[in-house]
Number of protein chains: 2
Amino acid sequence: MSDGTEASRPDVPRAGGVQSLARAFGLLETLAETGGEAGLSELADRTGLAPATIHRLVRTLVDLGYLRQLSSRRYTLGPKLVGLGETAARQFGRWATPVLADLVTEIGETANLAVLDGDGAVYVAQVPSPHQMRMFTEIGRRVPVHCTGVGKALLSALPPADAAAIVARTGLPAVTSTTITDPDVFARGLALARERGYVLDEGEQETGVRCVAAPVTGPHGSAAVSVSGPLSRMDDTAVARIAPLVVAAGRRLGTLLATA
Amino acid sequence: MSDGTEASRPDVPRAGGVQSLARAFGLLETLAETGGEAGLSELADRTGLAPATIHRLVRTLVDLGYLRQLSSRRYTLGPKLVGLGETAARQFGRWATPVLADLVTEIGETANLAVLDGDGAVYVAQVPSPHQMRMFTEIGRRVPVHCTGVGKALLSALPPADAAAIVARTGLPAVTSTTITDPDVFARGLALARERGYVLDEGEQETGVRCVAAPVTGPHGSAAVSVSGPLSRMDDTAVARIAPLVVAAGRRLGTLLATA
DNA sequence: ACTGGCAATTCCGCATCATGGAATATAGGG
DNA sequence: CCCTATATTCCATGATGCGGAATTGCCAGT
């Protein structure tokens, strides 16, 4: 192996794992973090692997269509990933949609399901409100955790230390005028969320949109549900009515996730 | 190796490829084809690999978050794939969006970019028309090649033999009343497309939607642009005006693809 | 409850396959 | 035009992934 200190790197995620696989996916992730484009030596620097090794892995991925090589000899994520990702999202959607649909009929606002991926949240399912035909499908969209309902709900379900680590890495950049940028305020918000079982997003990501979110409870890689709508319809009494429903939906989804 | 006849299977895509990788992605694809959920032995049947081998690969993928194991011990595509796919799509979108946006401002209808993946077409970028808020974002959506503008444009850019092979595999199932189901008619359509440099889709995938598409020219894994809108706005004179613009956009995208 | 059968998981010795250092091509920069 | 940085190919080595066989665990049938 490359260096004397074995198993010090998160290359091998667990005993018995296939490392060429772990390394290959590591490369894909590295590429994604770099903004989706990188040269071979840049990958070598970031991963610490030998250029020859990277080249072989990367060439295989190119042959398979999961990576694309530009004429500049740099590499980008390939088209097949788009297809796979979409199928994966659809898969989540399949079992989640009924529950989300129930929420929408009870509440009348758009319902979303998101999962934690890396340090961000990714929407994996959505049932749009019957009200507005507006608002594009957000499926696949990646959003920051600190300024979204689902994001905060995801964090609230994590061990506080892990949540803090994520926030430390991403910071609390202001997105709108109401985005929470003070770490202390944010931490108190999370504590309140843990206590109540749900979170509010007061236009912290998009002005005028209020959002109620709850973690999906269960022993798996975290997920969260949310319901969001315009301030005009989402007043305090509405929120009071909605919150328990969202929390219940989170619980139901958690059961489904573990069962189905 | 398992059997005497080596290299007879498309397991190893090319000499020098990393086989565990090819196999792992094969499993992901198999899973996607199965509808996103399968048990270990089902995977073993479909891929012909030894259960132990599959289990090791699959366990690694689960550890990495690209696969999820349900309590029924069956496996599904994991959340991380959603994130990766989204990043990949965004990557395509980044350089394509400006060109598509130009098309939209010139034409006023929704513009799409799709790539060929396997025997289907996958939308990788879209700029929606300012007109209608309807029609969800199709990014990541996989559509048949025979009844869509982008699909036929992709085929028209392929060596005729390759195009024929794909059509032979997928067949020409009717999706709407105008879907072309006769192989001869279809072949003539492709020939005309090659000659003119663009294709029309006359509601062959969705009734009432007309679409002009052109291949993205270049020496890479094929892509295609399209512009689509309701029949009411897409009359013959509009198409005559639009077609050259779409063809030009295809050329520009081709240059960008090769360069960027 | 007991049992039979099937599916998932773990074990383990063997040989294959991935590995990475060094050598070779190729692209930019001066 | 040469020179440097980067990508790619070669190849001997042994670690690594392979798969047959044994084990465990889950249900369905009675």
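Order of the sequence lines fixes the chain letters, A, B, ..., with proteins taken first and strands second; residue numbering starts at 1 for each chain.
- Between A:Arg73 and C:dG28, a side-chain N or O to OP1/OP2 separation shorter than 4.0 Å is absent.
- To the nearest 0.5 angstrom, B:Thr47 atom OG1 is 8.5 Å from B:Asp45 atom CG.
- A:Arg74 CZ: more than 12 foreign heavy atoms inside a 6.0 Å radius.
- Residue A:Arg74 contributes atom CZ, which lies 14 Å from atom C1' of D:dA5 at whole-angstrom precision.
- Taking the six-membered ring for Trp, B:Phe25 and A:Phe25 have ring centres closer than 6.0 Å.
- Taking side-chain N and O atoms only, A:Gln19 has a distance below 4.0 Å to OP1 or OP2 of D:dG17.
- Atom pair B:Leu61:CG and D:dG17:C1' shows a separation of 14 Å (rounding to whole Å applied).
- Expressed to the nearest 0.5 Å, how far CG of A:Leu81 lies from CG of A:Leu67 amounts to 7.5 Å.
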Report each atom pair, protein N/O against N/O of nucleotides 12-14 of chain D, whose distance is under 3.5 angstrom.
none

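- Regarding A:Leu49, its CG atom lies at a distance of 13 Å from the P atom of D:dT16, rounded to whole Å.
- Taking atom CG of A:Leu21 as the reference point, atom P of C:dA18 lies 11 Å away to the nearest angstrom.
- Partner of A:Val18 under the side chain to side chain contact (heavy atoms under 4.5 Å, CB included) criterion, chosen from B:Leu21, B:Leu57, B:Thr53: B:Leu57.
- Distance, A:His55 NE2 to C:dA22 P: 19 Å, rounded to whole Å.
- Between A:Gly39 and B:Ser20, the residue whose closest nucleotide on DNA chain D is further toward the 5' end is A:Gly39.
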